[in-house]
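Note sheet for the following structure.
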Amino acid sequence: MSSTFLSFDLSSLQPEHDAPAPGKIIAGDPRFTTWNLEEAEDGTLFAGVWESTPGKWRIAYDEWEYCTIISGVSVITGDDGTATTVKAGDSFILRPGFNGSWEVIETTRKQYVIKLP
């Protein structure tokens with residue numbers, strides 16, 4: 001296939017491991033695994049797969065993100081108190097300025113595309 005086509009094949013990638021900053025954790029001990037498949041040369045666009053173990057942490061978005069949940073269950077709650085449960089097959093966008101919390105109920109894996117300002 002040409003170099004302008006990229007499949008979401010994780011088998012050849014080394015994942016990155018991380019966690020929310022300690023001051024952002026609300027509950028549990030969530031751990032992240034990220035397979036970043038694409039990064040624009042100017043560093044403003046990323047695409048890949050992210051996974052988190054159960055836990056809850058504060059989120060604040062400066063970026064625009066499109067997500068599709070592949071597996072698991074999470075609850076995303078805005079600072080206005082609106083809670084949305086997302087599960088396998090759900091797709092959504094988080095826009096810059098979204099603040100609230102992300103709670104992983106069952107280990108959650110998502111595909112993402114992130115656009116930085």
Side-chain angles (χ1 to χ4, degrees):
M1 190 63 55
S2 77
S3 62
T4 57
F5 178 89
L6 179 65
S7 67
F8 272 50
D9 178 11
L10 306 183
S11 64
S12 63
L13 292 175
Q14 186 75 324
E16 299 172 20
H17 300 280
D18 202 2
K24 293 184 177 186
I25 295 175
I26 299 168
D29 185 25
R31 299 292 171 185
F32 305 155
T33 303
T34 304
W35 296 266
N36 201 39
L37 295 159
E38 177 81 335
E39 181 176 345
E41 287 183 25
D42 66 0
T44 62
L45 182 85
F46 300 88
V49 175
W50 171 91
E51 182 176 88
S52 178
T53 60
K56 184 176 182 179
W57 62 95
R58 298 266 324 135
I59 56 174
Y61 274 71
D62 294 327
E63 67 274 20
W64 176 97
E65 181 175 8
Y66 169 84
C67 304
T68 295
I69 303 297
I70 301 169
S71 62
V73 177
S74 287
V75 178
I76 301 169
T77 305
D79 279 347
D80 67 356
T82 303
T84 302
T85 300
V86 294
K87 60 188 181 325
D90 291 341
S91 297
F92 55 93
I93 293 171
L94 292 170
R95 293 183 174 141
F98 182 88
N99 295 301
S101 64
W102 188 301
E103 181 176 15
V104 173
I105 307 299
E106 297 173 7
T107 296
T108 297
R109 184 178 280 203
K110 69 177 182 179
Q111 293 176 335
Y112 64 85
V113 176
I114 296 171
K115 176 73 173 131
L116 299 175

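Residue indices begin at 1 and follow the sequence shown.
Within the hydrophobic cluster formed by Ile, Leu, Val, Met, Phe, Trp and Tyr side chains joined at under 4.5 Å, directly or through other members, I105 is accompanied by V73, V75.
How far CD1 of I59 is from CD of E65: 9.0 Å, rounded to the nearest 0.5 Å. The distance from atom CG of L45 to atom CD of E39, rounded to the nearest 0.5 Å, is 9.0 Å. Atom OG of S71 sits about 13.5 Å away from atom NZ of K87, to the nearest 0.5 Å. In this structure, CD on Q111 lies 11.5 Å from CH2 on W35, to the nearest 0.5 angstrom. From D18, atom CG reaches atom OG1 of T33 across 9.5 Å, with rounding to the nearest 0.5 Å.
Linking ILVMFWY side-chain heavy atoms closer than 4.5 Å, directly or via other members, places F92 and F46 in a single hydrophobic cluster. There is no path of hydrophobic side-chain contacts, each under 4.5 Å, that joins L37 to I69. Note: the hydrophobic cluster containing I114 does not contain L10 (ILVMFWY, side chain heavy atoms under 4.5 Å, direct or indirect links). Both Y112 and F32 belong to a common hydrophobic cluster when Ile, Leu, Val, Met, Phe, Trp and Tyr are linked at side-chain heavy-atom distances under 4.5 angstrom. With hydrophobic clusters built from ILVMFWY side chains whose heavy atoms lie under 4.5 angstrom apart, Y61 does not share a cluster with Y66.
By the neighbour-count criterion of 12 heavy atoms within 6.0 Å, atom NZ of K115 is densely surrounded, having more than that number from other residues, nucleotides or ligands.
By the salt bridge (Lys or Arg N to Asp or Glu O under 4.0 Å) test, D79 pairs with R58, sequence neighbours left out. Looking at residues two or more places apart in sequence or on another chain, you find no salt bridge (Lys or Arg N to Asp or Glu O under 4.0 Å) involving E103.
For the pair K24 and W57, the cation does not sit on the ring face, since its NZ or CZ is not both under 6.0 Å from the ring centre and inside 45° of the axis.
Side-chain contact check for D62 versus P96: every heavy-atom pair is 4.5 Å or farther apart. You'll find the side chain of I93 reaches within 4.5 Å of the side chain of W64, heavy atoms only. Side chains of V86 and I76 form a contact here, defined as non-hydrogen atoms less than 4.5 Å apart. Put simply, the side chain of F8 reaches to within 4.5 Å of the side chain of V49, judged on heavy atoms. Using a 4.5 Å heavy-atom threshold, the side chains of L94 and W102 count as touching. By the 4.5 Å heavy-atom criterion applied to side chains, P30 and V104 are not counted as neighbours.
T108 and S74 are linked by a side-chain donor-acceptor pair at a separation below 3.5 angstrom, with hydrogens and angles left out of the test. Side chains of N36 and T34: no donor on one and acceptor on the other come within 3.5 Å. Between the side chains of D9 and S7, no donor-acceptor pair of N or O atoms lies under 3.5 Å.
Considering every non-hydrogen atom in both P117 and E63, the closest pair reads CD-CA, 4.4 Å. Of all the heavy atoms in T77 and A83, the pair that sits closest is OG1-CB, 3.5 Å.
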